[in-house]
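Worksheet: the structure to be examined is printed underneath.
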Amino acid sequence: MTKRGKWALGTGPTTKSQEHYGFLVSFVSLWLRFQSSQFPVFLLFYCFEMNTMSVRVRFAPSPTGHLHIGGARTALFNWLFARQSGGTFVLRIEDTDQQRSDEEMVQGILEGLTWLGLDWDEGPFFQSERLDLHRAVCQRLLETGWAYRDFSARNEGPDSHRAFRDLSSIEMEECLKGGDPFAIRFKVPEDQTIQFEDLVFGPTTVETNNLEDFVILRSDGYPTYHLSVVADDLEMGITHVIRGADHLSNTGKHVLLYQALDEVVPTYAHLPLILGPDKKRLSKRHGATSVTEYRDHVLLSEAVRNYIALLGWSSGDDSEIFSSDELIKKFNISRISKANAVFDYTKLEWMNKRYISSSPAETLEAGVREQLQKSGLWRSELEEDARPWFLSVIDLLKTRVQALPDFAVYGKAFFTDDFSYDEAAAAKYLKAEQRPILTEALTELRDRYERLPDFTLEKTEEVLREVANKYELKAGQFIGAVRVACTGRAQAPGIFDVLVTLGQTNVLARLDRLIQYVE
RNA sequence: GGCCCCAUCGUCUAGAGGCCUAGGACGCCGGCCUCUCACGCCGGUAACACGGGUUCGAAUCCCGUUGGGGCUACCA
């Protein structure tokens, strides 16, 4: 039994068996705790409430594409809801569309979720392995008269199935003998108003007259989404269905199915859709939108998770940066927006940058290593003897880096001597008319640095400023030249940090190299 | 086409009839800090889609228009 249960949370019904079992367990455990002394009566109600609430949610992606931002957000919200209520998060792969499903995609989805830190408690279950259940549910519907066989060919016109809606059993037998393939349709009742409460969109009604008799089992024997989703959610005891708002219009059908099966309808919460900058539904043509891409390229999973949490949800107190635990604490379905949200990569980048600059070097280490390996800059000693040094370099670079690959670009000179001088930087700090005096100054600096017994922040700065003064060079200008010598670039961390981090020997060598270059 | 949903700065959003001269964040622009670049800090830019009601009073409630989105598949 979970201890995180939140009795105040909600309104969702559960199946009767769960309710009673859970109630019993926590009642008994509390009873033992209090040793039957004075068992407070209100706790009895507490137990009952708590278990009525035993939340079970699921994320049910179809493996017809990568885990994209929208799916990830849906998964996140489900996960958050489960974690904060001490409920269960189930993962179910909806792969009943044989043609469009792909095993590689399944792997991608699993990896994406794992990367984001969204661990599931049960599953992954595959819908394709649950066909017996779906067919059994369909059979129940057929037997109770809620469904019928449609023998019409697909191309016979939009209403051809209606001819089979009220076939007598004798007529039906005839058709069956004919051996024609048939689909099974749900018999939508006429003139009814379906009602359900959506945690985001509020009370919702659907007129059955606006609904077709939808197919629940295709002629190839495979269930459609409507059937399988209801059958599975039912069988898995799902209490809260949290999914994209693209399903809102179809929810009437699902409610109808639950009612026809004489089962309790779960609580729904439909999430506003995530759109591209053109306000169209987010898709591949909007660029990088797959979670795997983010992982492989550049972004920190914490940043991605934090950013997508803000798509359609806000804390209400102006805060935007949350750790995983804070999110779990603060997340609240009632604060989910109804309006669709445009995905803004710029803000994601900002958040990523923020996360990078505020993460401890140890957290960044693996990602940076990967980037260095990609760029051929990795040396194994960086995870052995030189590891403390490696971490200090990360700390130096992390506030000025936009994304992970930048460590290998801005930071190149920390990991190899083989770098060239940036043209613009050279043009700015190694002007031709200054070169003679620069050569002298650099040479003196080099010699004095060589004689420095302790190569520290303070000493290197003191010496550099003295030399700059002596040759009547502006400190900034001189520093610029030294920076080019040491990093090849005009932008780098503070020069004395760079010097000390590089170490005396390296600095001397690099000064020599520049002196030769300007001569 | 039919049905449904949504509508606050360019973007994400706060706002549940007077607290709104509409708040925060990203972006953008300026400034400070400073050896560069970042970080940080300070300041600025910019919105209640439109039109009618209801009300003493509306971003908030109602209606219409417009715009956007979704569904309408033997896709999910």
Side-chain angles (χ1 to χ4, degrees), chain A residues 60-65 94-97 99-101 127 150 152-154 158 161 181-185 198 201-202 204-207 209-212 214-226 228-229 243-253 270 272-273 275 277-281 307 310-321 335 337-351 353-354 357-358 397-402 406 410 425 428-429 461 464-465 468 474-484 487 489-496 498:
Chain A
S62 62
T64 54
E94 312 228 318
D95 56 349
T96 54
D97 185 3
Q99 284 85 35
R100 299 204 306 159
S101 292
Q127 241 174 11
D150 168 20
S152 66
R154 290 204 208 181
H161 59 265
F182 58 86
I184 296 177
R185 286 178 186 270
D198 189 282
F201 287 87
T204 307
T205 60
V206 180
E207 299 299 329
N209 289 351
N210 291 328
L211 260 32
E212 285 285 336
F214 51 95
V215 170
I216 53 177
L217 201 71
R218 298 181 253 205
S219 50
D220 62 6
Y222 283 88
T224 62
Y225 171 70
H226 306 304
S228 55
V229 77
R243 49 152 51 157
D246 47 343
H247 291 301
L248 190 56
S249 311
N250 282 147
T251 304
K253 294 174 189 170
H270 285 92
L273 266 20
L275 312 175
D278 56 357
K279 303 269 174 99
K280 301 287 182 206
R281 208 171 177 166
Y307 176 71
L310 260 19
L311 252 20
W313 174 84
S314 63
S315 68
D317 63 4
D318 286 347
S319 55
E320 290 195 313
I321 305 293
R335 292 201 56 83
S337 154
K338 289 200 265 267
N340 292 167
V342 172
F343 177 70
D344 180 11
Y345 193 79
T346 312
K347 185 154 183 178
L348 208 205
E349 267 182 328
W350 164 80
M351 196 163 280
K353 186 176 183 170
R354 225 197 109 113
S357 55
S358 61
L397 294 171
K398 69 184 188 187
T399 56
R400 48 209 101 213
V401 112
Q402 189 85 14
D406 294 341
Y410 297 134
K428 187 170 180 193
Y429 294 109
E461 172 156 15
L464 184 141
R465 288 189 189 277
K474 276 184 159 172
Q477 187 70 17
F478 194 39
I479 284 173
V482 176
R483 178 176 287 111
V484 173
T487 68
R489 328 180 94 254
Q491 303 89 243
I495 189 62
F496 306 109
V498 172

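Just the heavy atoms: all of them, side chains too, but no hydrogens, waters or symmetry mates, feed the values below. So that the names make sense, note that chain A is the first sequence line, chain B the second, and so on, each numbered from 1.
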What's A:G480 touching, base or sugar-phosphate or nothing? Going by heavy atoms closer than 4.0 Å. nothing
Distance check needed: B:G70 P versus A:K253 NZ, whole Å only. 16 Å
For A:Q477 and B:C35, what is the distance between atoms CD and C1' respectively, to the nearest whole Å? 11 Å
Taking the minimum atom-to-atom distance to the side chain of A:K347, which one of B:U36, B:C6, B:A25 wins? B:A25
Mark yes or no for a side-chain to base donor-acceptor pair under 3.5 Å between A:T224 and B:C74, with no hydrogen or angle criteria applied. no
Within the structure shown, what part of the strands sits under 4.0 Å from A:Y307 by heavy-atom distance: base, sugar-phosphate, or nothing? nothing
Would you mind pulling out the nucleotide paired to B:G17, Watson-Crick or G-U wobble, both distances under 3.5 Å? none
What do the steps show when you test A:D406 against A:R400 for salt bridge (Lys or Arg N to Asp or Glu O under 4.0 Å), and what is the final call? CA-CA 9 Å; A:D406 294 341; A:R400 48 209 101 213; over 6 Å; no
For A:R354, I'd like to know if atom CZ has over 12 heavy atoms of other residues, nucleotides or ligands within 6.0 Å. no
Using whole Å, report how far CG of A:L348 lies from P of B:U11. 17 Å
Grab the OH-P distance between A:Y410 and B:A38 for me, whole Å please. 9 Å
Students often get this wrong, so: under 4.0 angstrom with heavy atoms, is A:G312 touching a base, only sugar-phosphate, or nothing? sugar-phosphate
Any A:R335 side-chain N or O less than 4.0 Å from OP1/OP2 of B:G15: yes
Base-pairing mate for B:A7 - Watson-Crick or G-U, with both contacts under 3.5 Å: B:U66
Please confirm whether the backbone N or O of A:D344 pairs with a side-chain atom of A:Y307, one donor and one acceptor, at under 3.5 Å? yes
Identify whether any heavy atom of A:P493 sits under 4.0 Å from a base atom; if not, whether one sits that close to sugar-phosphate; answer base, sugar-phosphate or nothing. base
Can you tell me, in whole Å, how much space there is between the C1' of B:C6 and that of B:C29? 33 Å
With a 4.0 Å cut-off on heavy atoms, is A:R185 in touch with a base, just the backbone sugar-phosphate, or nothing at all? sugar-phosphate
Counting the atoms with a prime plus P, OP1 and OP2 as sugar-phosphate, which does A:H270 contact under 4.0 Å by heavy atoms, base, sugar-phosphate, or nothing? nothing
Counting Watson-Crick and G-U wobble pairs only, both distances under 3.5 Å, name the nucleotide matched with B:C71, or none. B:G2
Say you pick atom P in B:A22 and the same atom in B:A47; how far apart are they, in whole Å? 10 Å
Reckon A:A245 touches a base, only the sugar-phosphate, or nothing at all at heavy-atom distances under 4.0 Å? sugar-phosphate
If the C1' atom of B:G52 is compared with that of B:G69, how far apart are they to the nearest Å? 26 Å
Rounded to whole angstrom units, what separation is found between the CZ atom of A:R281 and the P atom of B:G68? 17 Å
Counting only Watson-Crick pairs (N1-N3 plus N6-O4 or O6-N4) and G-U wobbles (N1-O2, O6-N3), all under 3.5 Å, who is the partner of B:G40? B:C32
Scan A:L311 against the nucleic acid and name what it touches under 4.0 Å (heavy atoms): base, sugar-phosphate only, or nothing. sugar-phosphate
How far, in whole Å, is B:C20 from B:U60 if one measures between their C1' atoms? 11 Å
Using heavy atoms to find the nearest nucleotide of RNA chain B for A:S357 and A:N210 separately, return the residue whose nucleotide is more 5′. A:N210
On a plain distance test, is the side chain of A:N250 in donor-acceptor contact with the base of B:A76 below 3.5 Å? yes
Check whether any side-chain heavy atom of A:K253 lies under 4.5 Å from a side-chain heavy atom of A:L211, and answer yes or no. yes
Given A:D198, A:L273, A:V206, the one that forms side-chain contact (heavy atoms from CB on, under 4.5 Å) with A:L248: A:D198
Using whole Å, what does the distance between atom C1' of nucleotide B:C71 and atom OH of A:Y225 come to? 12 Å
With a non-hydrogen cut-off below 4.0 angstrom, is A:L310 in contact with a base, only sugar-phosphate, or nothing? sugar-phosphate
Which part of the nucleic acid, if any, lies within contact of A:A490, taking any heavy atom under 4.0 Å across all strands shown: a base, the sugar-phosphate backbone alone, or nothing? base
Nearest heavy atoms of A:A425 and A:A490, plus distance in Å: CB-N, 3.5 Å
For a quick check of understanding: with a heavy-atom distance under 4.0 Å over all strands, which category does A:K398 fall into, base, sugar-phosphate or nothing? nothing
Regarding A:K474, tell me which of base, sugar-phosphate or nothing describes its non-hydrogen contacts under 4.0 Å with the strands shown. nothing
When A:A475 and A:F182 are each assigned the nearest nucleotide of RNA chain B, the 5'-most assignment goes to A:A475
Taking the minimum atom-to-atom distance to the side chain of A:D318, which one of B:G23, B:G68, B:A73 wins? B:G23
Got a donor-acceptor pair under 3.5 Å from the side chain of A:R400 to the base of B:C39? no
Could you work out the separation of B:C12 and B:G31 based on their P atoms and round it to a whole Å? 30 Å
Complementary nucleotide for B:U54 - Watson-Crick or wobble, under 3.5 Å: none
The side chain of A:V215 lies closest to which of these nucleotides: B:C74, B:G24, B:U36? B:C74
ring-ring contact (aromatic ring centres under 6.0 Å, His included) between A:F201 and A:H270: does it pass, once the steps are laid out? CA-CA 7 Å; A:F201 287 87; A:H270 285 92; 7.1 Å; no
Just how far, in rounded Å, is P of B:G27 from CD of A:Q402? 9 Å
Backbone N or O of A:A468 within a donor-acceptor pair of the A:Q477 side chain at under 3.5 Å? no
Which value, in whole Å, describes the distance between the C1' atoms of nucleotides B:U8 and B:U13? 9 Å
Distance check needed: B:C4 P versus A:L248 CG, whole Å only. 12 Å
Could you identify the nucleotide paired to B:C48, looking across every strand shown and requiring Watson-Crick or G-U wobble geometry with both distances under 3.5 Å? none
Interatomic distance at P, B:A59 relative to B:A16, whole Å: 13 Å
Looking only at side-chain atoms of A:Q127, point me to the closest of B:C6, B:A76, B:G69. B:A76
Expressed in whole Å, how much space separates the P atoms belonging to B:G30 and B:A14? 31 Å
Within-4.5 Å side-chain heavy-atom neighbours: A:V482 and A:L464: yes
